[in-house]
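Here the structure comes first, spelled out in structure tokens, and everything after it is commentary.
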Amino acid sequence: MSNAAVTAATSSRATAAGKSALARTGEAFVGRLVILIPYLWLVFFFLIPFVIVFKISLSQTAIAIPPYTPVFGFGDGLAGFFAQLNELSIDNYTWLTQDALYVNAYVTSVIVAAISTVLTLLVGYPIAYGMARAPAMLRPTLLMLVILPFWTSFLIRVYAWIGILKPEGLLNQLLLATGVISQPLIILNTYTAIFIGIVYSYLPFMVLPLYSSLEKMDYSLIEAAKDLGCPPTSAFWKITFPLSLPGVIAGCLLVFIPAVGEFVIPDLLGGSQTLMIGKTLWNEFFANRDWPVSSAVAVILLLLLIVPIMLFQRAQARAQEQDR
């Protein structure tokens with residue numbers, strides 16, 4: 001081989017190596033960027049707002065605009081900043097533990113959200129299972145029907161339930177006309193109406209992750225269980241339900257977390273006597289204008305939701321490591 005050919009081959013290999021290194025660098029940058037974007041999203045739309053709310057929760061109420069004493073401010077220089085640090089107080093958090101209103105609101109919200117989540121699971125699982133077992137041509141249509149309520153305003157859909165559940169509403173008129181009841185049922189402005197509203201509003205959030213898990217399941221396992229003499233009910237609890245647990249967990253979290261802090265449904269369907277933390281938070285912010293106390297309520301609510309989820313995820317990670 002001539003010197004020119006050797007030189008050309010060496011140059012070609014060097015160029016290919018340079019391109020390969022450049023491609024690896026570009027892929028690494030894109031990979032890091034893909035990971036970085038969700039973290040930036042969390043920082044700007046979760047961490048920074050949380051820090052602001054936490055800062056307000058450590059301040060004191062004041063007749064001013066905004067209605068609290070500023071803390072962590074650098075307007076008076078570094079010395080003023082450290083002086084404000086000495087004025088920080090946890091009195092708002094202490095007040096929450098001493099007032100039964102807030103404790104009852106937290107407990108009621110968790111109970112209502114838990115019951116609503118169970119009801120949504122009981123309604124959503126058969127729907128998701130039927131969608132997953134439907135012919136492949138019908139699945140996109142069924143999926144669209146589940147998503148269809150999102151095309152209408154959430155507020156309008158909740159208002160529509162007022163017309164359905166009120167004493168002279170459509171539901172009572174139907175039951176009276178068919179002779180099922182002799183006098184109108186009192187459903188509106190009760191916790192039953194809240195359960196109905198939450199189940200209806202958050203049902204798609206339960207159905208979609210369940211459908212995603214059930215649709216990927218290998219149904220030949222069910223056929224094999226039946227061939228071995230396993231009854232359909234036992235096959236469901238031993239095979240189908242365990243394999244769909246990721247969808248069950250995801251759906252329950254997607255329903256439970258927003259249901260705890262729900263405000264619109266308890267306010268419109270539950271009436272003024274309903275005690276839930278979302279309504280309590282709104283009253284403190286806009287009626288009482290007590291921003292420090294309401295910020296403390298929001299911080300505790302967030303911690304009540306995040307800490308159990310983090311502990312659950314850590315337990316799941318440990319269980320997966322042990323399985324490996």
Side-chain angles (χ1 to χ4, degrees), residues 46 49-64 66-72 87-121 158 161-162 165 186-199 201-202 252-312:
F46 175 76
F50 175 77
V51 171
I52 295 173
V53 172
F54 180 69
K55 181 187 74 169
I56 297 174
S57 71
L58 298 176
S59 63
Q60 298 294 327
T61 305
I63 303 177
Y68 61 90
T69 55
V71 291
F72 295 118
E87 298 177 1
L88 296 180
S89 173
I90 60 172
D91 291 343
N92 297 318
Y93 294 95
T94 305
W95 168 257
L96 296 183
T97 61
Q98 295 174 350
D99 194 335
L101 172 67
Y102 303 103
V103 177
N104 293 335
Y106 281 120
V107 173
T108 304
S109 298
V110 171
I111 293 174
V112 169
I115 295 175
S116 301
T117 302
V118 173
L119 294 176
T120 308
L121 177 62
V158 176
W161 276 103
I162 298 177
L165 299 177
I186 305 300
I187 302 176
L188 194 62
N189 297 331
T190 64
Y191 282 102
T192 302
I194 296 177
F195 294 141
I196 294 174
I198 293 178
V199 170
S201 300
Y202 293 106
C252 289
L253 291 178
L254 288 174
V255 173
F256 179 80
I257 292 174
V260 171
E262 181 60 51
F263 164 72
V264 175
I265 295 174
D267 187 58
L268 295 181
L269 301 181
S272 59
Q273 301 301 320
T274 303
L275 182 62
M276 290 188 68
I277 199 62
K279 291 186 62 177
T280 304
L281 191 61
W282 188 92
N283 288 330
E284 291 294 341
F285 259 113
F286 298 102
N288 300 336
R289 288 186 59 81
D290 195 342
W291 287 23
V293 170
S294 55
S295 298
V297 173
V299 169
I300 292 179
L301 176 62
L302 189 62
L303 293 178
L304 286 175
L305 294 175
I306 289 180
V307 171
I309 294 173
M310 294 178 61
L311 294 176
F312 174 77

Side chains of [X] and [Y] in contact at under 4.5 Å (non-hydrogen atoms):
{"X": "Leu254", "Y": "Tyr202", "value": "no"}
{"X": "Leu305", "Y": "Phe256", "value": "yes"}
{"X": "Leu188", "Y": "Leu269", "value": "yes"}
{"X": "Val103", "Y": "Asp99", "value": "no"}
{"X": "Leu302", "Y": "Phe46", "value": "yes"}
{"X": "Trp161", "Y": "Leu268", "value": "no"}

message: What verdict does the side-chain contact (heavy atoms from CB on, under 4.5 Å) test give for Ile196 and Ile187, after you've listed the backbone C-alpha separation in whole Å, the side-chain angles of each residue and the deciding distance to 0.1 Å?
response: CA-CA 10 Å; Ile196 294 174; Ile187 302 176; 4.2 Å; yes

Any donor-acceptor pair under 3.5 Å from [X] side chain to [Y] backbone:
{"X": "Asn92", "Y": "Ser59", "result": "yes"}
{"X": "Asn104", "Y": "Ala100", "result": "yes"}
{"X": "Ser57", "Y": "Phe54", "result": "yes"}

task: Return the set of residues passing side-chain contact (heavy atoms from CB on, under 4.5 Å) with Ser109 (not counting sequence neighbours), or none when no residue passes.
output: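 With neighbours one apart ignored, the set is Val260, Met276, Ile277.
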
- prompt: With respect to Ser295, which candidate in Ile56, Ile52, Leu58, Asp290 satisfies the side-chain contact (heavy atoms from CB on, under 4.5 Å) definition?
  reply: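 Exactly one pass, corresponding to Ile56.
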
Once rounded to the nearest 0.5 Å, what's the spacing between atom [atom1] of [X] and atom [atom2] of [Y]?
{"X": "Trp95", "Y": "Ile90", "atom1": "CH2", "atom2": "CD1", "value": "15.5 Å"}
{"X": "Ile306", "Y": "Leu301", "atom1": "CD1", "atom2": "CG", "value": "9.5 Å"}
{"X": "Asn189", "Y": "Thr274", "atom1": "CG", "atom2": "OG1", "value": "7.0 Å"}
{"X": "Ile186", "Y": "Thr192", "atom1": "CD1", "atom2": "OG1", "value": "11.5 Å"}

State, to 0.1 Å, how close [X] and [Y] come at their nearest heavy-atom pair, and which atoms those are.
{"X": "Val53", "Y": "Ala298", "result": "CG1-CB, 4.3 Å"}
{"X": "Ser116", "Y": "Val199", "result": "O-CG2, 3.9 Å"}
{"X": "Pro292", "Y": "Gln60", "result": "CG-C, 3.8 Å"}
{"X": "Glu262", "Y": "Ile265", "result": "OE2-N, 3.3 Å"}
{"X": "Thr108", "Y": "Tyr191", "result": "CG2-OH, 3.6 Å"}
{"X": "Val293", "Y": "Leu96", "result": "CG1-CD2, 4.0 Å"}

task: Indicate whether any N or O donor in one side chain lies under 3.5 Å from an N or O acceptor in the other, for Tyr102 and Thr280.
output: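 No, Thr280 and Tyr102 have no side-chain donor paired with an acceptor closer than 3.5 Å.
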
query: Residues two or more places apart in sequence or in another chain: which of them pass ring pair (Phe, Tyr, Trp, His ring centres under 6.0 Å) with Phe263?
result: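 Result, ring pair (Phe, Tyr, Trp, His ring centres under 6.0 Å) vs Phe263: Trp282.
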
